[in-house]
Every structure is written in structure tokens, then in C-alpha cells.
Amino acid sequence: MSRFSVIVPTFGVAGHLARALDSVLTQSFGDVELIPVCDAPDSPAAAVAAAYAARDPRVAPVHSPPSGGLSGARNTGIAAATGDYLLFLDGDDDLVPGALGALDAGLPAGVDVLYFGHQRVHWWEGEPSTPPLDKAPEVLGAHVPAWSAAYRRGFLTEHGLTFPEGHFTDAGWGGLVTVAAERSALLRTVCVRHHLRRQGSRLNAPGGHHFELLDQVERVLTRVSERTVPAARSKALFGQLFSLVLKTAAHPARVPARRRRAFFRRAGTLYRRHRPAGFRVPAGSLGVQHRLLAVGAYGAFRALRGANRAASGVVRRVPRPRMLRTRALYAAQLRRPLDENLAVYCAYWGRGYACNPAAIHAKARELAPHIRSVFLVEPEAVAALPKDVEHAVIGSRRAWEVLARAKYLVNNANFADGVVKRPGSVHVQTQHGTPLKKMGVDQSTYPVVAAASGSFTKLLSRVDRWDYNLSSNRHSTQMWERAFPGTYEALEYGYPRNDAFCTATAEDVARVRERLGVPEGKTALLYAPTHRDYSTGFEARLDLEAFCEEIGEEFVVLLRAHYFYDEGRGRSGGRIIDVTGHRSSEDVCLAADALITDYSSIMFDYANLDRPIVVYADDWEVYRETRGVYFDVMQEPPGRVARTPGELAGLFTDGSYAAAAAADLRARFRERFCQFDDGRAAERVVRRVLLGEPPEAIPPVLPLAERVPAPAASTLVRS
């Protein structure tokens, strides 16, 4: 039995969960049991929790079905807990250092509930705020979140206390605890950092779920009527509960218009039925609202609310979306109905027919031929398009027409800021790599890259358009959640562009090598360095001529610069072949017998081929400090690592780049980062998004051990 059991619901917070768990396990006070509550054994959060459980015996994950919601998850944790006192921690919050020690020292013997302080940390910027604890502990009640108190397990068991079902469970729980607790105490020390979500609380969103607040109020006040509760406590609790009710009633956007009067009417009935004798209404405007609720004067209440909003400047004309004058046509097209059978695709800001959008486009023409597909490209990319691909030039009249009317919009970057997310449209963000370097809002603390990234506000407005976001591994799922906070659904389907790595044949590989000019019988090394935010222009970072001279005649190098650059500086001809301009990175990977890269996300894609990978990290420390990374690739590489040109050449002259030790590193890397790329990613996306098939009907991912990657051409790699 532990002193504390910390119960952590994990639904939808996989990207933040490690921070929450670390905040518990790294406490100086170690007599703790940590119970992550996961929605399914194979969920992203469950994978994180399982990894922690494997390392630390204090971690004991349990599972609760998503249908049980937050209350079900917490109740499952309560049933599993063995600690003297229980704490509840949201999976995206964290305990401050020293919190458990402070709680242990501050707990009076036998106290039922110990309330403690917390900080509210804005998701983006600004100083954290610490709400005051200015009431006696026995009447704190419904105003304190469940995660801002420690509860004696014996007290909860004795009174059969569990979290009530439905929305606003904290209000119901706090009220029920207040009614039952005989001994309460207060510790003003801040113990929890509560990280506010960019989307705000789901409870504040508009909808009929606000009637469940009244259910919770009725549940608590009915319990008060069944017990002998001190008058001061019952009056304080009544006032707290109805301050929540009136706050909702005073925000007309929360309750649907046709149901606002019904909400007010039911609230008034509860108010009159349960008002404690001697209850005095608050002063000021809130007191007026109490009186109007008590007599059921909805018309007067609505007028008061309107007057208050007008006085505070809240009521203002809603601005119309600002459109560029040259896109007046787009504004007109937005007034026309959506075309249910039109999909618009774009890749790399219009650079061409490539990447995940192209793979989805091709599969859609096979599985959903009734959907017309239009690919958006820049003018200079038109000539390289496959002849049978319908296209529109970005910025043209036709491009804005299809953008306005399309039901489906698919992109591996983002559409222009002026594109409007229409009700009923479906935006699919395919991404274009697995993140090693920091992305999205995680870049904000790295000045060099943040300065080049533009407005994060605009970035987030683009994220708000996404309905689906693709992921090729759990690492990506978690990092996207942090980097691009939004309400989209993560599709762990793999990257469609990587389907080729499981479906290509030896004949396909031979054709690609011939097209690229790889001499027969040579071992092709793909050199693909990434972009450096701290430098301008393309830098090969390696003297390729000298490298080729040193490693021997059996090798040729395929040079592929980052897509930010039009071409590399390698000279085509001889043993260096510049493939930067080739449309398909998948083709280039298929042609290569081994990969040399630095920190490019191409390593994650290439790992699907199970061919040798070498990391050439001549500036790791500088890159890590200026760009920021999510993990240390020096400690978890996909193969051998070289820090100098001499070390790099040595790996190829002695053959160790493809030896057993390198293969072992690659196997561990593949286990983590090649989870979902099994050759059927494009099919899964088309079936789920374009054909509307339910999740349970989507083809499952083939286990890694059962996949057969496309064969390499080099006999050296095959041996």
C-alpha cells in the first residue's frame, strides 16, 4: 500500500502524457502508485503507459472504455487504487516538483479531503495564474476541480463516492464530496500545473450537454436533502452550484436558442425546490440574476443579460471573412452548394504531383472513380504532371472555383490562408514526414526557426481547418498533437506515399534505376541532407567527389537536396547523379541500396525498405540547439553514425554500414517508426474519408514481421 495513488485519465492526450507521468515519478517523495487509465490496450496513450510500466513497478495501467468518459476513467482508477490518499491528474497536466512531499507533510491525520492550490498555465503565452483559495475548506465544494485535492480512500469507500456520469462530473463530484466530508483541510501550496487547452474546455462548447449541469446540481442538492448538513455548508454549496448555472444561462451561445427558455425554466424549478432556509442572494448583478431565476422571469433575465453585454462592449457586428479583391470570384463560389463528388489535392505548396496527396489521388481513381479529382500546381510544375491528371494552376480562376466547391481537400502542407473551411467540407492533412525536428508551435522557443516560420496565429487558423491528420507511427501521432493543437481526428493509417515500399517489385526497382541512370551492377547510395535553418541556400556538407574517390568504384551517389531547393550542387555524370529534380522521392528510395542522411525525415520512410541507413551528423549539437528535436537520434539511430567525412567513408570501405550491428540498430528503429506503413495506407484513407466507411471496416495494419519490402538491387545488400 502506498501513501498516494495518482490516477491519470489519458484519453486524447498521448502527446503530453509523458510529461504528466514524469512529473509524478520524479517527485522527491517516492511512496506513490501511478495509475494511467487508457481507453484501449492498443491506443497511443496505452503504448506510452506500457513503456513506463516496463521501466517502473510503481506504474500500473488500467483500461476503461471510451464510452465511460472522464467519470468512468476516474472510477476505474479508484477501483484499482491501493493508496491511503487518491489524487487525480489530467494527462496533459503535471505535478510541480516537491508536490507530493508538501502534501505528505501538510496532511492532518485522518482528514477526509485536503484541498490544495494550482496554477493555470496558458497553452501558448502569458504568465500562469493562481486562483485564490479564499473560502473555508468545508465549503470549497463545487468550485474546486477534482485534480486540486487529495481524497482519503477510506472516506470515499465508506460513503460509496464515485464520479457521476455525464458532463460536468467535477461539479457533481465536488458537491457530493462537500456533503459527505466531515474533516476538510486546506494547503495553499501550489501542487498542480493545469495546462489550458488551445480549444478551451469542451464543457463550454455550445450544445445540449449543458442540461447535464442541471442534472449534476439536482443530484447534489437531492443528496443534501437526504442528509443532515450544517446550514452554512448547504447555503455555500447552493450558491456555488447556482453561480455555475447562471454563468451558463448568461452565455446564450452555450445553450441552443430553442432550448434556452427550457434551461432557465428547469433551473428555476431546482432553485425554488432546494433553496436553503436563510439563503441570502449575492450583491450586484449576480444577485439580480438569482432573484429573476427564483421567480422564473426569463424575459427580464434575457434583457438584463443583453444590457450587460452591450455595456461591456461584447455585442458587436460579426465581421465577414476578408477576401482579397482578386478573389471576389471565390467569395461568390462559396455561396454555391458543395460539390459532393469533387476532391482537390495539393502537395508541397504546388510543386507538383507528389507525396501522400498523389498516392491518395491515384488510389481514389481506382476505388472511388465517381469522385472528380483536381490537383493544384504552380505554373512551372504543369509540364511534369502525368498526362491523365486533371489540374488547376494555383491562383487561377479555376483553382479558386474548385477550392470553393470541393467536398474534399487534401494537402501535405496547407492551403492558402484565404481558403475557407466550409461546413460539410472535409480537410485531410497528410503531413510529409515523421518529425525528428520540432514542428508547429513547438518551434516557438527556437528563435532562428520561429522567425522564419511566420505567424503562429495564422498557422493555428490553418490547423483549425483540418478534419483528419495522417500518422505513420505513434511517435508522430503524439508529436502532431503537441505541435498542431486542434480538434482533428488522427488517422493512424500510415503514409500513402510509402505504400510503394511494400508493393514494388524487383522489376519496378530495375526500371527506376535505369530511368535515373544508375549503372548496372553498382551499389547506389542515396545522399539526402536536410535543410538548415541557420544557413541560406543548399550546402551538400560533404565533398562528394572526394567521398566517392575514397569508397571505391563499386559505389555511385544519388544526391537529393531538400525540397526547399530547386537543385543540389552535385554534378550529374560520373559517380554522382543529381536526383533532386525527380518528382518522386519514393522512386529515388527504391533505387538506392543504402541511405546516407543527417536529420532528414527521409530516414523514417527509407527504414520501411529495411536497407542500410547511415547518419552523417557533422553538426548535431548546432542543429539540435537551433532547430530543436524530439529525440536524440545519436542515441537511437537507424544504423551507424559518422561525425566526420573520414568516419563516413570508413563505414563503406570496411562494410560495417551493412553489418549485423547496423541491422540491429535498424530493427529497433523500424519497430518504433515503421508501425503503420504496410502498403495499404492509401486504401485506408480513401475508404474512410472518401467512401465514408466506418473505422471498424477499414483494413487493419499488417504486422511489421509479416511485411515484405521491395527488394534492393545490390547483391551486397541482399547478402
Side-chain angles (χ1 to χ4, degrees), residues 71 74-75 78-79 81 84-88 106-116 133-187 211-247 266-283 286-287 289-291 293-295:
S71 59
R74 286 174 171 171
N75 290 335
I78 291 173
D84 296 329
Y85 280 85
L86 309 188
L87 289 86
F88 302 95
L107 266 168
V111 71
D112 296 329
V113 186
L114 175 66
Y115 298 102
F116 51 76
L133 294 173
D134 54 1
K135 297 181 175 64
E138 62 271 14
V139 296
L140 279 171
H143 278 184
V144 176
W147 38 259
S148 197
Y151 308 87
R152 185 168 61 85
R153 185 166 61 88
F155 157 69
L156 300 182
T157 302
E158 176 187 351
H159 292 276
L161 288 172
T162 58
F163 283 85
E165 295 181 354
H167 294 82
F168 303 96
T169 186
D170 273 25
W173 166 265
L176 296 174
V177 167
T178 297
V179 172
E182 296 297 331
R183 296 192 60 199
S184 302
L186 176 62
L187 179 68
F211 279 82
E212 295 182 39
L213 172 60
L214 301 181
D215 295 339
Q216 302 289 6
V217 169
E218 184 170 17
R219 180 178 288 112
V220 173
L221 294 180
T222 298
R223 183 70 59 88
V224 171
S225 67
E226 295 169 349
R227 296 174 57 96
T228 301
V229 179
R233 196 189 309 178
S234 66
K235 287 188 284 188
L237 184 57
F238 180 88
Q240 291 167 10
L241 292 171
F242 276 97
S243 71
L244 296 176
V245 170
L246 288 167
K247 185 176 181 180
R266 183 183 170 200
T269 299
L270 290 174
Y271 190 98
R272 293 186 293 272
R273 180 186 302 158
H274 293 284
R275 179 174 180 172
F279 176 77
R280 298 182 62 181
V281 301
L286 181 58
Q289 293 179 44
H290 270 262
R291 294 185 180 92
L293 183 63
V295 297

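Quick caveat, the model's predicted, so the values are computed rather than measured.
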Reported OG-to-CD distance for the pair S225 and E218, which is rounded to 0.5 angstrom = 10.0 Å
ask   = About how many Å separate CZ of F211 and CZ of F168, when rounded to the nearest 0.5 Å?
value = 11.5 Å
inquiry  = Can you confirm whether R266 sits close enough to D215 that some side-chain heavy atom of one is under 4.5 Å from a side-chain heavy atom of the other?
reply    = yes
request  = For residues A181 and R233, report the shortest heavy-atom separation together with the two atoms involved.
outcome  = O-NH1, 2.9 Å
ask   = Between Q216 (side chain) and E165 (backbone), is there a donor-acceptor pair under 3.5 Å?
value = yes
Exercise: identify the closest heavy-atom pair between A149 and V113 = CB-CG1, 4.0 Å
query = Do T269 and R272 have side-chain heavy atoms sitting under 4.5 Å apart?
reply = yes
ask   = Is there side-chain contact between Y271 and V217, with heavy atoms separated by less than 4.5 Å?
value = no
query = For the atom pair CG (L114) and CG (L107), what is the distance rounded to the nearest 0.5 Å?
reply = 5.0 Å
query = What residue among L270, L214, V220, L213 forms side-chain contact (heavy atoms from CB on, under 4.5 Å) with L241?
reply = V220
remark   = Looking only at heavy atoms, the pair that brings T169 and P164 closest together is OG1-O, 2.8 Å
ask   = Is any side-chain heavy atom of V111 closer than 4.5 Å to a side-chain heavy atom of Y85?
value = yes
ask   = Are the side chain of T222 and the backbone N or O of R219 linked by a donor-acceptor pair below 3.5 Å?
value = no
ask   = What pair of heavy atoms forms the shortest contact from F242 to H290, and how long is it?
value = CB-CE1, 4.2 Å
Side-chain (R183) to main-chain (A109) donor-acceptor, under 3.5 angstrom = yes
inquiry  = Nearest 0.5 angstrom please: H143 NE2 to Y115 OH, how far?
reply    = 12.0 Å
remark   = Rounding to 0.5 Å, atoms CD (Q289) and OG (S243) come to a distance of 10.5 Å
inquiry  = Within this structure, what is the CG-CG distance for the pair L221 and L237, rounded to the nearest 0.5 Å?
reply    = 6.5 Å
request  = May I ask you to decide whether D112 forms a salt bridge with R152, counting only side-chain N to carboxylate O separations under 4.0 Å?
outcome  = yes
note = With sequence neighbours left out, the residues meeting side chain to side chain contact (heavy atoms under 4.5 Å, CB included) with A146 are R74, Y151, F163, D170, W173
query = Run the side-chain contact (heavy atoms from CB on, under 4.5 Å) check on R291 and V295 step by step: do they pass?
reply = CA-CA 7 Å; R291 294 185 180 92; V295 297; over 6 Å; no
query = Within a radius of less than 6.0 Å around CZ of R227, do more than 12 heavy atoms belonging to other residues, nucleotides or ligands occur?
reply = yes
ask   = Should we count CZ of R223 as having more than 12 external heavy atoms under 6.0 Å?
value = no
